[in-house]
Amino acid sequence: MDSSEAGASTRSERKEDVAPSTSNTSGQREEGPKLKKVSLKRNSGEPTNAKTKKPKKARVFRSAQPGYTVHQGEDMLLVISSTTSQYDGSAWKPPKKGTKKKKLAKGKLKANQVKKKKTVCAKPKPASNLVTKTEEDAALFVPQTAVDHRWGQSLPEEVLINIFQMVVIQDGAVPFLCRVGRVCRLWNAAASSPVLWRKVTIGFCWISPGKKQLPKTEKKIKDTVDWLAQNRFSQLRDFSLCHWTKNVDYAVEVVSQFCPHLRSLTLSYCIGLTVRAFHCLGLHSRSLQSINLQYSEFQVDGLLEYLENHGSQIKQIWFTHGLKNDRLLTAITRGYCPDLELLEVNTRLDSKDCELSVCIQALQMACPKLKTFRMLNVRPLHKTMRNGAESTSGFPLLEELCIATTSYSYMTDKDLLDILFGSTKLRVLDLRGCSRITPSGLATLPCLELECLFWGQYFSSHIGLSSPKKGLHMVTQKWSQTLQQLDIANQLFTEEDLEIAMSYLAQASEADTLRSLNLSGTRITPPALRSVIGQMTALNYLNLSSCRYLPRGVKRIYRGQEDIRQLLDKLE
């Protein structure tokens with residue numbers, strides 16, 4: 001009995017010692033037993049002189065902070081950023097202290113939280129502190145109501161439209177306008193302006209390359225095209241589709257129905273345009289003037305039917321040379337497009353057969369308003385008319401003729417004169433690859449104000465280039481006052497002929513119109529080059545690569561007047 005009484009008295013003494021340290025607050029009777037139990041467990045293995053827990057510091061209420069922060073950014077720059085900005089949490093805002101989370105082992109976080117809840121007890125706050133905090137919060141947030149707003153909400157809609165217009169000109173309307181329209185209501189209203197949707201190009205980005213199109217994806221494409229046509233394309237002028245292999249018909253039909261102002265249609269690397277789409281264009285697109293079908297597969301019969309019924313409104317046509325597509329050129333020479341101003345025929349780079357039969361006389365009679373005629377990498381084979389009729393006026397309004405090819409061309413001076421005998425307004429003449437054209441043939445052309453002459457030879461084989469040429473001075477003498485760009489790369493003129501030709505260009509220093517000169521692969525010499533560089537102060541581009549008659553260190557491309565002036569110092 002004595003021992004049990006002694007043990008009981010000892011336990012009661014321990015309880016009396018512990019009770020004052022654990023009962024910090026009154027009125028929390030439910031947590032009392034739990035706190036006692038925890039304290040007993042801790043004190044059981046600790047000495048009696050263990051350190052007591054430090055009292056919690058009282059909160060210090062600071063004055064209101066300014067609405068901005070100043071911190072050091074990149075390159076030793078001081079960055080001033082608003083604390084009320086819409087970009088909270090961005091890289092420009094200094095991180096708050098203590099926000100870094102500690103990595104804890106799995107299962108320990110919950111135990112620590114339980115311990116804190118058990119051991120930490122909230123202290124009652126004085127009423128005076130609550131009143132002070134309420135007054136300070138009111139004083140802090142009242143002035144922010146007049147400043148805390150996004151800058152975009154007060155920006156005039158006209159200014160946003162002008163900013164968006166600059167981006168649209170550079171990057172296109174899609175997908176830029178679709179994305180900025182989700183920022184806020186003001187940006188949505190600005191991005192919905194019909195002025196920004198006059199020229200739209202939609203590329204194929206719905207599925208990954210090599211994967212098939214699912215029915216859900218196809219429905220999503222059609223719904224998107226419908227929504228854009230009905231809500232954004234009210235003033236659409238130019239519409240382009242690129243790399244579409246499906247739904248081309250559907251897109252063209254929807255755009256033609258909802259876009260009465262459509263003037264230009266471009267299909268690049270597209271597949272599947274049928275007769276139905278051309279029929280829909282004829283019914284609804286009364287303002288259509290330009291059709292570009294380069295590198296696309298379509299039903300030629302549908303386009304021929306469209307040109308037969310509505311070809312009088314077409315002014316520009318682009319298409320790629322092919323066995324089926326060549327029927328378009330025959331239809332044009334029959335007079336399907338009397339108001340045609342631009343005609344361009346090109347070919348694929350991997351195509352082997354690049355010869356195209358064309359009757360120049362029939363084309364001149366069918367398209368008297370033609371201003372631009374291009375046959376890129378296509379060798380024209382001249383045909384004669386069956387009835388023997390010939391055009392008496394030629395192309396009187398022609399301003400640009402391009403018959404450039406990377407292979408050998410059989411065009412002669414007579415063939416060139418048959419095309420340009422009535423073209424007195426010609427400004428651009430591209431004869432790259434036409435090695436049979438001579439300077440005397442160029443000198444007989446009726447155009448007197450030629451601005452650009454591209455006459456370089458860029459094919460690998462040197463057929464017909466073994467003997468040197470003469471007479472380049474006749475070309476430079478005739479157009480020395482008007483030439484802005486001259487390209488005679490790899491032309492085998494003699495050194496003396498080049499020196500005389502460059503002297504005629506230098507004598508036209510009063511006009512000073514030459515901007516670009518390509519002498520790559522020629523026999524130009526330093527004296528002939530000095531005469532041109534010293535007089536042509538407006539020259540910005542000079543190509544001297546592979547010029548064997550020039551000293552080392554100068555055989556390269558020069559850009560800018562300062563770079564060309566340094567070349568002149570080296571030559572002197």
Lys/Arg-Asp/Glu bridge criterion (N-O < 4.0 Å) met for Glu400, Lys371: no
Any donor-acceptor N/O pair, Asp413 side chain to Thr438 backbone, under 3.5 Å: yes
Single hit among Leu486, Leu472, Asn490, Leu429 for side-chain contact (heavy atoms from CB on, under 4.5 Å) with Trp455: Leu472
Thr347 and Asn377: side chain donor to acceptor below 3.5 Å: no
Test: Asp339 and Lys369 ion pair at under 4.0 Å: yes
Gln477 side chain to Tyr504 backbone, donor-acceptor under 3.5 Å: no
N-O pairing of Asp418 and Lys414 below 4.0 Å: yes
Donor-acceptor pair, side chain of Gln535 and main chain of Gln507, under 3.5 angstrom: no
Gln235 and Arg198 side chains, donor-acceptor separation under 3.5 Å: yes
Main-chain N/O of Lys425 paired to Arg427 side chain as donor or acceptor, under 3.5 Å: yes
Any donor-acceptor N/O pair, Ser531 side chain to Ala528 backbone, under 3.5 Å: yes
Geometric class of the Phe278/Tyr306 ring pair [parallel <30°, tilted 30-60°, perpendicular >60°]: tilted
Between Asp238 and Thr266: side-chain donor-acceptor atoms closer than 3.5 Å: no
Evaluation steps, side-chain contact (heavy atoms from CB on, under 4.5 Å), between Trp318 and Ser290: CA-CA 8 Å; Trp318 290 263; Ser290 175; 3.0 Å; yes
Parallel, tilted or perpendicular: ring planes of Tyr269 versus His243, cut at 30 and 60 degrees: parallel
Working for side-chain contact (heavy atoms from CB on, under 4.5 Å), residues Ile500 and Lys470: CA-CA 11 Å; Ile500 298 173; Lys470 296 181 180 181; over 6 Å; no
Arg334 atom CZ, over 12 foreign heavy atoms within 6.0 Å: no
Residues, nucleotides or ligands: over 12 heavy atoms within 6.0 Å of His310 NE2: yes
Identified side-chain contact (heavy atoms from CB on, under 4.5 Å) partner of Arg530 from the options Thr525, Leu567, Leu568: Leu568
Thr320 side chain vs Tyr295 backbone, donor-acceptor pair below 3.5 Å: yes
Modelled atom types, side-chain donor and acceptor of Arg237 and Ser264, under 3.5 Å: no
Within 6.0 angstrom of Lys555 NZ, more than 12 heavy atoms from elsewhere: yes
Donor-acceptor side-chain pairing of Ser546 and Ser520 below 3.5 angstrom: no
Test applied, side-chain contact (heavy atoms from CB on, under 4.5 Å); reference residue, Phe373; option that passes from Leu340, Leu420, Leu342, Leu398: Leu398
Greater than 12 external heavy atoms within 6.0 Å of Lys315's NZ: no
Side-chain (Gln313) to main-chain (Leu288) donor-acceptor, under 3.5 angstrom: yes
Asn292 and Gln294 side chains, donor-acceptor separation under 3.5 Å: yes
Check: Thr513 main-chain N/O paired with Arg515 side-chain donor or acceptor under 3.5 Å: yes
Main-chain N/O of Ile271 paired to Thr245 side chain as donor or acceptor, under 3.5 Å: no
Asp497 backbone acceptor or donor facing Thr494 side chain under 3.5 Å: yes
